[in-house]
Amino acid sequence: MPTGKHSPANNRPGLEPTPDSPRPSEPDRLPLDRLVPAGWLLGIALTVVSLCVLTLTYDTVRGVFPPPDQAAPVLHAIGLNELALVPSGRPARRPVLTPSPIDWRYGPVLPRQAPEVIPLLKTAPFDTPRAATP
Amino acid sequence: MRHRRYAQFLWAGRELLTHPGATLLMALSMGLLTTMMATGLLLSQALTATTSRLLDQGPDLVVRRVTPNGGQPISSQAADLALKIPGITEARPRIWGTVSTPQAAVTVVAADRDAIARLTITAAIQAPVRGEAVAGSGVHLPETDAHLVLHGTDTITVRITQRFPQETDLATHDLVMLHPDDARRLLGLALDEACDLALAVFHPDEAEALLPELARVFPWPVHIATRQETRKHYATAFGRRGGLAALLYIPAVIALALLTAAVIRQHIGSRSRVGLLKALGWTSRDIVGLQITKAAIVGLPAIAGGLMLAYALVYAPSQTWAGMLLLGWQETAPIMHLDAGFAAPVFLEVAGILLIPYLAAVLWSSLVQAASNPHDLLNRGN
Amino acid sequence: MPTALACRNLTYAYPNGASSATTALLRNIDAVFPGGRVVLISGKSGAGKSTLLHLLAGLLRPTSGEILADGQPVSRWLTAHRDRWRRRVGIVFQQDYLVSELTVLENVMLPLIPRSGSPRYWRESSHNILARLNAVELVGQSVSTLSGGQRQRVATARALVDAPDYILADEPTAHQDLENAQRLGHLLRQAAERGAIVVVAAHDRHVDKWLKVDQHLSLADGNLEPAP
Amino acid sequence: MTRHPLLLAVFTTDILTVLLILWASATAVRIALHWNPQDTGAQQLRLQTQSETAALAVAWAFGLHLLATATLIYGMTNILPGMVPGAMCGTGVLQAMQSGGPRMLIYRLMGLAILWIWWRIENVNQSQPEAPLVPANARIVLLALPVFALALYAAWQAALAMDFQQPVDCCAVIYDQFHSLEEARRTLGAGHTGWLTAFGVLTVALVASAVAAWKTAGRRWPHLLLAALAMAWLPIAAIALVRVLAAYHYGVLHHHCPWCLFLPEHHLAGFPIWAAWIVVAMEAPVAVALSLLAARQAPPAQTSACHQAGLAARNTLLAVLIFLCLTVGPALWWRLRFGMWLTG
């Protein structure tokens with residue numbers, strides 16, 4: 001309990017209850033303020049922050065989600081230097097080669113431009129050979 | 001002192017409860033903003049980190065033959081020429097390219113029997129024989145048939161006998177591995193021809209120093225791509241996509257500005273409350289502390305939760321949304337097992353981007369009021 | 001306990017409309033409010049009683065002159081120091097300025113929060129002072145449901161809850177019945193007996209019905225003089 | 001002329017800083033002319049209120065200046081080198097900025113020093129209810145105004161001079177200082193061993209005087225000694241760092257570049273090292289100023305000034321220790337790891 005100036009007012013001789021003042025009821029039993037829900041709010045906020053910080057710290061340090069280690073030996077075995085992040089045929093699949101001033105076709109019979117996949121699929125029948133470019 | 005601080009935290013919580021709806025709305029808005037911003041940044045960061053890590057397993061240098069008419073197949077003997085240069089430890093002629101199937105374009109690659117034999121992953125992969133193929137999880141087949149029709153310079157039909165494991169999707173999602181003879185036929189290459197030459201060097205950091213010598217050793221002009229170059233291209237591509245994604249942040253930043261303005265307005269709106277508190281013995285420091293505490297009680301969990309959600313969205317083991325939404329996959333996107341090792345700076349960056357203006361707005365408005373005369377605040381406030 | 005609160009050559013003028021001219025509300029006031037005494041300031045409406053109390057509480061800076069608390073020129077102190085000093089002041093405003101979103105008990109708690117003490121202490125102190133002002137039945141209510149007299153009692157409880165050294169009360173019994181006014185008078189007298197400086201501003205000169213006054217000053221035409 | 005967002009941000013912050021100081025200067029002039037703490041007249045009371053607002057403005061200006069300086073240094077060392085052809089670090093960027101660059105840095109540091117003193121005195125001032133040091137700080141604000149205006153002008157000149165098409169050769173600046181290896185091993189005629197010895201002796205003396213000044217905050221001579229030693233230590237520490245000890249960060253000899261330390265390759269070590277150096281440069285004079293000020297004040301302000309002087313001495317001590325750890329530490333680590341010093 002606080003003491004001195006901040007002790008409860010009824011302990012001070014100068015502020016004695018007047019004879020006709022009503023008897024103070026027990027303050028803790030009455031839901032007179034919202035400090036308890038405020039405490040809950042604080043607790044929830046603290047818990048959320050702590051959980052998030054702990055989880056993120058643990059994950060970034062230890063790596064709970066599987067890292068891309070399984071793909072690495074396969075990439076080594078097939079010997080490619082590109083990833084399957086973008087569908088095949090898109091310029092972004094092969095950023096080293098596109099855009100490029102060099103025409104990467106192997107032969108003059110092949111189309112000049114590497115085929116864009118979507119128009120190719122939408123318009124052309126599949127009974128004729130298609131372009132093959134690295 | 002500690003007791004007093006706890007009591008003030010408690011009171012800040014109580015003040016927030018006077019407007020629970022606004023408090024919740026504020027927390028949700030900040031959380032969503034955080035998720036939006038952090039997801040984009042984390043994804044870009046994770047893709048760059050993962051690409052870099054995976055490309056370390058690829059060749060150090062790739063040599064392509066160039067003629068005035070364009071790219072040309074390379075002779076398989078070119079590997080011997082390359083191996084004459086000290087520092088080059090391995091030269092592998094590669095047969096690979098993009099071809100189409102009735103469903104979509106796929107990348108085909110000729111199997112290197114020795115390299116495949118060394119592969120010890122969960123589901124061991126066997127190098128395919130003629131007429132068979134190993135396909136990635138994103139290569140579609142008709143429901144009743146295991147045969148795949150491939151259109152290149154020729155058309156061939158192969159039977160899919162194995163699938164690459166889904167965990168390797170980042171490298172194999174729409175990849176078809178063929179027998180070298182099938183691959184040559186499909187790509188229109190002669191028996192001793194390859195598309196290009198993949199080289200491994202003894203000291204990867206010094207790969208660039210070998211370029212002049214490599215260019216000299218071949219009897220025809222060549223284009224040589226280094227790993228560094230490949231990495232840089234990927235980083236640029238992600239950066240460009242990130243730049244486009246930044247356009248999405250504009251509404252987010254506007255929303256943040258409005259949010260901050262609302263906070264300021266809320267504080268200025270309660271000038272008479274500040275005046276009253278000062279009259280009742282609250283110091284400027286108490287009032288600023290209360291406002292900052294209130295902002296922190298709302299902002300910190302919202303930002304932490306938003307970051308957590310973004311983290312789960314980007315790094316969850318089975319996430320495919322990024323491929324579907326951002327990378328152009330139509331039906332099935334590769335499962336991305338991304339590298340979470342470098343996420344911490346992004347968290348700090350996003351937390352800083354959001355929290356600093358928010359807290360600055362609160363601090364500024366609180367300070368401006370706290371320095372005023374309580375009498376003026378009481379009488380001129382609303 | 002404080003020895004005295006004093007005004008020295010205190011002038012307060014406010015801007016007169018859009019022009020740069022000012023109107024002096026209080027002129028060169030010299031007064032001393034000693035510790036342990038109850039001082040009444042009476043005067044007509046608009047005479048400047050509330051402004052004087054606000055100046056004494058450090059809520060307002062004088063145009064010239066100074067307020068001295070125990071000989072220290074508090075009115076000229078830096079804001080942070082004046083803020084800290086004001087923790088020793090309990091002020092009852094003419095308007096009650098209760099916070100409508102808080103309950104009665106929480107309104108009374110407000111001065112205690114930045115000081116030391118636990119929530120339990122806040123509750124007990126607030127509860128006790130409300131009990132002494134015959135307002136204990138109001139503790140859990142929202143202030144928006146209170147009558148004018150009840151609001152004024154709650155505002156008074158808020159001013160007295162931390163047993164301040166300086167009590168400045170502006171029309172504290174404006175809406176009170178005689179019984180509650182007497183109860184308040186008793187509390188103010190008790191505070192003075194423990195050494196506090198009590199200054200009450202009231203429009204009604206007949207305060208002796210509820211308050212035993214030691215000194216009675218009258219404010220008229222910007223001057224503070226002993227009441228006749 | 002460059003319109004790089006980073007430089008624009010710094011420039012905007014600088015303009016804001018000058019405006020805040022300009023606004024505070026208007027009050028400072030009135031304070032210098034009319035301040036009379038005994039007077040309780042309307043003018044003096046108005047000045048007292050205005051002095052508080054002006055102090056708030058200068059505090060914001062100080063914060064903004066610190067932020068802008070840190071941003072500028074980061075940009076000069078980590079962002080702009082990528083845009084100036086041939087620039088590897090801040091040296092190349094300074095080259096591209098021509099004479100405006102060094103002048104801008106000097107004025108910024110001068111401004112920082114002035115506001116640092118202002119800030120410390122303001123701490124003493126704010127600790128006293130009646131703010132006895134308002135006139136002293138008003139004069140400091142008036143002194144700061146031309147320095148900040150010059151810094152802004154120099155920044156404008158530097159931005160105008162920057163040309164992202166014109167190549168620079170920052171390594172040439174570093175290596176062209178010497179015509180022979182022998183010259184690279186000496187600085188101002190003295191060998192590296194001599195500089196290191198001087199650095200070691202002065203560091204020990206500075207640490208001892210900082211401890212003395214911290215523990216005996218009420219006495220003047222330890223503070224005077226601290227400032228004198230610090231003034232001697234600063235150039236010698238800079239020479240020892242750039243000419244000798246930086247080699248252990250770079251891993252090569254005779255790369256006498258102060259700016260490469262700020263690069264990520266060297267773990268951004270330049271930031272804490274030079275920050276510690278700047279703290280010594282700022283706090284040691286502040287400690288003297290405050291101890292001299294304390295002698296002229298009445299007891300409560302005197303106590304507070306002594307306390308602040310002690311804090312300044314303590315900060316000097318901490319900064320010297322940080323500098324020592326980050327400069328000598330890598331050298332010791334190198335010696336332990338490879339069994340030899342980098343001596344060339």
Side-chain angles (χ1 to χ4, degrees), chain A residues 33-35 37-39 41-42 44-45 48-49 52-53 55-56 59-60 63 65-68 70-90 92-93 95-96 102-110 114-115 117 120-121 126 128-134, chain B residues 9-10 13-14 17 50 54 57-59 62 66 70-71 73 92 94 96-100 102 105-107 109 115-116 119 121 151-155 167-168 170-174 187-188 195 198 223 225 230 233-234 237 297 300-301 304-305 308 315 317 327-329 334 337 339-340 343-344:
Chain A
D33 55 56
R34 292 205 201 150
L35 292 177
L41 180 69
L42 274 186
I44 291 168
V48 168
V49 173
C52 292
V53 167
T55 312
L56 294 177
D59 273 10
T60 45
F65 294 141
Q70 300 221 24
V74 176
L75 195 74
H76 183 74
I78 58 183
L80 292 185
N81 57 335
E82 66 169 41
L83 303 181
L85 284 170
V86 173
S88 293
R90 300 279 179 91
R93 169 75 168 225
V96 178
I102 299 167
D103 183 353
W104 293 110
R105 294 172 307 154
Y106 304 138
V109 294
L110 296 171
V117 177
L120 187 79
L121 289 174
F126 292 99
T128 52
R130 299 282 169 218
T133 56
Chain B
F9 279 144
L10 198 64
R14 170 65 189 99
L17 286 177
T50 308
L54 287 176
Q57 300 299 318
V62 174
V66 190
R92 194 202 294 190
R94 299 194 306 183
W96 68 292
T98 309
V99 298
S100 42
V106 295
T107 298
V109 63
I116 299 296
L119 197 59
I121 53 175
H151 304 282
T153 47
D154 199 353
T155 299
E167 289 76 19
T168 66
L170 279 176
T172 64
H173 186 63
D174 62 352
L187 298 169
C195 298
H223 169 268
T230 314
H233 276 96
Y234 269 111
I297 292 174
L300 287 179
M308 186 98 168
Y315 294 111
L327 299 172
W329 295 95
H337 294 293
D339 196 333

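Here is how names work: the chains are called A, B, and so on, in the same order as the sequence lines, proteins then strands, and each is numbered from 1. When reading the values below, keep in mind they use all heavy atoms of this one structure, side chains included, and skip hydrogens, waters and symmetry mates.
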Main-chain N/O of Ala84(A) paired with His173(B) side-chain donor or acceptor, under 3.5 Å: no
Please check if the side chain of Ser88(A) supplies one atom and the backbone of Thr98(B) the other of a donor-acceptor pair under 3.5 Å. no
Looking at chain B, which one of Gly39(A), Ala38(A), Ala45(A) has the largest number of heavy-atom pairs inside 4.5 Å, strictly under? Ala38(A)
Tell me which of these, Val53(A), Val48(A), Leu83(A), has more heavy-atom pairs under 4.5 Å with chain B than the rest. Leu83(A)
Closest heavy-atom pair and its distance - His76(A), Arg92(B): O-NH2, 3.1 Å
Heavy-atom closest contact (Val109(B) atom, Ile78(A) atom, distance): CG2-O, 3.9 Å
Among Ala115(B), Gly305(B), Ala198(B), residue most engaged with chain A (heavy-atom pairs, under 4.5 Å): Ala115(B)
Once you round to the nearest 0.5 Å, how far does [atom1] of [X] lie from [atom2] of [Y]?
{"X": "Asn81(A)", "Y": "Thr230(B)", "atom1": "CG", "atom2": "OG1", "result": "5.0 Å"}
{"X": "Thr107(B)", "Y": "Glu82(A)", "atom1": "OG1", "atom2": "CD", "result": "5.5 Å"}
{"X": "Leu54(B)", "Y": "Leu85(A)", "atom1": "CG", "atom2": "CG", "result": "8.5 Å"}
{"X": "Leu10(B)", "Y": "Leu35(A)", "atom1": "CG", "atom2": "CG", "result": "5.0 Å"}
{"X": "Leu80(A)", "Y": "Arg94(B)", "atom1": "CG", "atom2": "CZ", "result": "5.5 Å"}
{"X": "Leu17(B)", "Y": "Leu41(A)", "atom1": "CG", "atom2": "CG", "result": "5.5 Å"}

